[in-house]
Amino acid sequence: MHEFDSVAPSAPHATDPRLLANLNPEQLAAVTLPPGHALILAGAGSGKTRVLTTRIAWLIQTGQLSPGGVMAVTFTNKAAKEMIARLGTMLPVNPRGMWIGTFHGLCNRFLRAHWKLAALPQSFQILDTQDSLSAVKRVVKGMQLDEERFVPKQISWFIAASKDEGRRPRDVAVHDEQSRVMQQVYQAYEDQCQREGVVDFAELMLRTYELLRDNDPLREHYRRRFRHILVDEFQDTNRLQYLWLKMFATPPDRAASSSSPGDSDANSVFAVGDDDQSIYAFRGAQVGNMADFEREFKVREVIKLERNYRSFGNILDAANHLISHNEHRLGKNLRTEAGPGEPVRVNEAPSDFAEAQWLLDEARFLHREGSPRSEIAVLYRSNAQSRVIESALFNAGIPYRVYGGLRFFERAEIKHALAYLRLTENPNDDTSYLRVVNFPARGIGARTLEQLQDAARASGRSLHQSVGALGGKAGANLGAFNAMIESMREATHGLTLREIIEHVIATSGLADFYKAEREGAERLENLDELVNAAEAFVTQEGFGKDAVALPVDETAGPGTIADGLPQAVAAVDFTPDAETGEIMSPLAAFLTHAALEAGDNQAQAGQDAVQLMTVHAAKGLEFDNVFITGLEEGLFPNERALADADGLEEERRLMYVAITRARKRLCLSFSQTRMLHGQTRYNVKSRFLEELPEAALKWLTPKNQGFGSGFAREYQQAWQRGSGLGSMVGAGRVESPPAWATPKTRELTVESPAASGALTLRVGKSVFHTKFGEGVVVTLEGSGADARAQINFGRHGMKWLALAIAKLTPID
DNA sequence: GGGAATCGCGTTTTT
DNA sequence: CGCGATTCCC
């Protein structure tokens with residue numbers, strides 16, 4: 001089926017000496033590894049991206065690889081873009097033509113090229129998580145299941161998780177009624193997606209994997225084409241991504257059987273990852289893939305990049321010391337030549353409010369000292385923690401930026417516009433149909449849609465096709481909607497993408513609707529922004545001008561292929577059909593782009609602002625000054641994560657990621673009390689604080705260390721201000737009961753079995769229990785013999801104790 | 001069909 | 001407590 005140009009690698013050219021300059025010995029070894037599968041353990045701040053890009057540039061410069069023979073995979077669009085941008089400065093070729101992208105982006109390209117083999121429509125559309133959930137809801141409703149028992153969200157999660165493990169409905173384990181129904185829903189969901197010509201994120205991966213698995217010539221073709229496969233953040237790969245990778249890689253036994261590696265037709269996988277930064281197990285990532293890779297791919301070279309170019313010594317000591325408490329590691333220790341730097345400072349606050357206040361003063365101080373606000377990052381374990389910090393910053397008028405939340409293409413008004421656009425492309429997309437059939441309102445109610453869905457189910461056709469089944473006013477309204485979609489389709493024929501979108505926003509009634517809305521101005525702006533995004537997309541991708549294969553001289557070489565698939569296309573989102581070269585419409589391509597790249601999720605960019613984000617969101621970023629807040633048992637480590645065995649280790653890795661974000665200054669803080677879910681919680685400080693080396697720390701609270709001069713004075717003032725704010729915070733020390741707490745009893749005196757004599761307990765007081773260790777009294781109830789106390793023992797959890805029996809001693 | 005009241009829930013998130 | 005989703009009522 002395929003013919004290949006088996007061009008042996010030419011003798012290395014003289015490389016640009018600047019390319020390899022300033023690499024340390026380990027980096028150099030990684031960059032210049034001979035062909036063969038390799039695993040690079042790249043510690044935080046060790047120059048990972050540099051090694052990846054330099055490796056590609058070096059292979060190309062030395063003539064071992066043509067741009068068309070590269071496949072580089074990342075997890076995020078941001079990482080892919082960065083790689084492309086850096087390569088652009090290193091190479092005289094256009095890196096946009098290389099197969100560099102996210103797992104999902106590359107799958108999309110692959111399926112666009114082989115849509116027929118994959119049994120998809122050429123302009124199949126991609127469901128994001130929201131779309132997918134509403135599709136599942138539709139299925140569940142259609143099957144008339146009890147939504148209490150079969151929660152759509154859970155089923156949606158189950159389907160995604162199954163696909164992420166490579167399981168089709170027939171492969172899922174069925175052991176009871178519940179799982180049997182789940183399987184049926186999964187099957188029905190698949191049928192529905194197939195009927196509507198849509199795929200969800202996991203389907204992109206799974207479909208690609210299966211196509212390669214079941215089609216030998218195709219698989220062999222791609223194995224020959226991609227000489228070098230590079231994978232970033234390998235520790236975050238899930239089961240399916242690992243299997244997927246195996247499809248592209250030459251099996252190691254075949255690679256080994258070749259006498260000389262240089263002439264072998266085997267390709268090479270260059271996997272880069274850091275097991276200590278694996279923080280996505282909750283969404284299916286399997287760190288075990290690293291060990292599996294080493295074993296199954298018979299990796300000969302494991303290179304560790306341990307020299308850190310980011311942080312000062314004390315920060316690295318803290319990170320190393322902390323992570324050494326994990327048992328399941330491949331083993332790695334960061335080192336620096338930058339000197340110890342400032343100690344890691346630790347602050348204890350009486351309340352979350354005071355913690356925020358302290359943070360605020362600290363940020364002000366740093367800014368006064370010349371640090372840009374954008375170099376100050378405030379990290380927290382969960383999004384709910386940002387609220388107090390935000391309000392403190394807001395009230396003080398300090399600009400800040402919160403990462404997270406809705407992204408551009410996920411906004412309701414944008415999704416609505418996209419739904420109309422999708423319908424002009426494919427009126428049988430029921431998800432989009434239901435989203436906008438009555439938005440803006442046009443007299444199509446819930447019962448009408450029930451009937452329409454029943455009719456569609458009965459005939460096995462789409463909603464759009466089933467409108468004729470309904471008569472009366474309802475049928476007329478539906479007919480009018482169909483006619484509108486149809487006229488949109490006709491009117492936009494031949495228009496530019498920009499004109500199409502403008503037309504649809506106007507004629508759908510969306511523009512008028514938001515004009516009439518009191519709060520619609522921002523949404524209108526966003527719709528304008530959608531037009532701009534489309535314009536930028538077209539310009540950037542170069543569609544319409546020269547969306548054709550790049551000049552041959554840029555792409556020819558080993559790996560040239562002969563099945564009509566262009567080596568490289570200027571417009572990567574317009575991947576042509578592998579056989580016919582047909583390219584999908586700009587609109588379909590833009591819709592794909594919108595699904596695959598949800599856009600920024602940071603609020604108002606522009607001015608210099610303090611950066612607020614979760615630890616997860618901070619991965620891959622770095623800042624001069626980092627604050628890690630809320631270091632309390634239950635919060636960080638999070639109590640819900642402690643349920644499973646590996647939970648604590650993942651939490652610790654999360655802390656490790658947080659620590660290693662800091663370049664110059666690291667501050668840790670925790671609070672004795674915190675408002676959570678509408679009630680005050682009394683917390684014990686995080687065990688992670690105990691796992692840090694004392695020598696690298698400087699405690700700012702009197703208990704552990706006195707105040708000195710300079711910085712410390714600042715802290716003292718900040719702390720006092722923070723703790724002196726309003727009656728809410730009271731006297732500020734844990735010894736006095738917080739005035740704002742309203743438990744049943746605030747103070748209780750009982751005969752203590754431990755200390756012969758009276759024991760006085762107060763809410764907020766620390767106590768020691770012979771079995772559970774240190775805890776904080778949360779609630780007191782009853783009296784005398786049946787006096788009870790609820791005590792938070794941190795890692796041992798919240799306990800109710802009978803005070804007549806429990807052996808408690810007070811801690812001061 | 002849409003606004004108001006009520007319910008329920010509350011790690012982490014990219015594609 | 002604060003939110004989103006659902007339900008209720010006009």
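The sequence lines fix the lettering, A, B, ..., with proteins before strands; numbering per chain opens at 1. Just so it is clear, the model here is predicted, and its values are computed rather than measured.
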Who are the ring pair (Phe, Tyr, Trp, His ring centres under 6.0 Å) partners of A:F394, not counting sequence neighbours? none
Please report the distance separating the P of C:dA5 from the corresponding atom of B:dT12, rounded so that it comes out in whole Å. 16 Å
With a strict under 4.0 Å distance from non-hydrogen atoms of chain A, what nucleotide opens and what nucleotide closes the contacted stretch of DNA chain C, reading 5' to 3'? C:dC1 to C:dT6
Solution key, residues 134-143 of chain A side-chain donor-acceptor pairs under 3.5 Å, sequence neighbours excluded:
| from | atom 1 | to | atom 2 | distance (Å) |
| --- | --- | --- | --- | --- |
| A:S134 | OG | A:D131 | O | 3.0 |
| A:R138 | NH1 | A:E196 | OE2 | 3.0 |
| A:R138 | NH2 | A:E196 | OE1 | 3.4 |
| A:R138 | NH2 | A:T431 | OG1 | 2.8 |

Sorted by chain and residue number, the ring pair (Phe, Tyr, Trp, His ring centres under 6.0 Å) partners of A:F670 (sequence neighbours excluded) come out as none
Under 4.0 Å, counting only non-hydrogen atoms across every strand here, what does A:D128 touch: a base, just sugar-phosphate, or nothing? nothing
Please give the distance between the C1' atoms of C:dT6 and B:dT11 as a whole number of Å. 24 Å
The side chain to side chain donor-acceptor pair (under 3.5 Å) partners of A:E165 (sequence neighbours excluded) come to A:R167
What N/O pairs connect the protein and nucleotides 5-12 of chain B at under 3.5 Å? Give each pair on its own line.
| from | atom 1 | to | atom 2 | distance (Å) |
| --- | --- | --- | --- | --- |
| B:dG10 | N3 | A:H677 | ND1 | 3.1 |
| B:dT11 | OP1 | A:R640 | NE | 3.4 |
| B:dT11 | OP1 | A:R640 | NH1 | 2.0 |
| B:dT12 | OP1 | A:N383 | N | 2.6 |
| B:dT12 | OP1 | A:N383 | ND2 | 2.9 |
| B:dT12 | O4' | A:R381 | NH2 | 3.0 |
| B:dT12 | O2 | A:R381 | NH2 | 2.6 |

Rounded to the nearest angstrom, tell me the gap between atom CG in A:L406 and atom C1' in B:dT13. 13 Å
Specify the separation, in whole Å, of atom CZ of A:R109 and atom C1' of B:dT15. 15 Å
Have a look at A:K153 and say if it touches a base, only the backbone sugar-phosphate, or nothing, with a 4.0 Å heavy-atom cut-off. nothing
With the side chain counted from C-beta on, respond yes when A:D164 and A:R239 share a heavy-atom pair under 4.5 Å apart, and no when they do not. no
Please report the distance separating the C1' of B:dT14 from the corresponding atom of C:dC3, rounded so that it comes out in whole Å. 23 Å
Which residues pass the side-chain contact (heavy atoms from CB on, under 4.5 Å) test with A:E691, sequence neighbours left out? A:L322, A:H325, A:R652, A:R687, A:F688
Residues in ring pair (Phe, Tyr, Trp, His ring centres under 6.0 Å) contact with A:F590, at least two apart in sequence or another chain: A:F537
N/O donor-acceptor pair, side chain A:T129 with base B:dT15, under 3.5 angstrom: yes
Residues two or more places apart in sequence or in another chain: which of them pass side chain to side chain donor-acceptor pair (under 3.5 Å) with A:D276? A:R329, A:K332
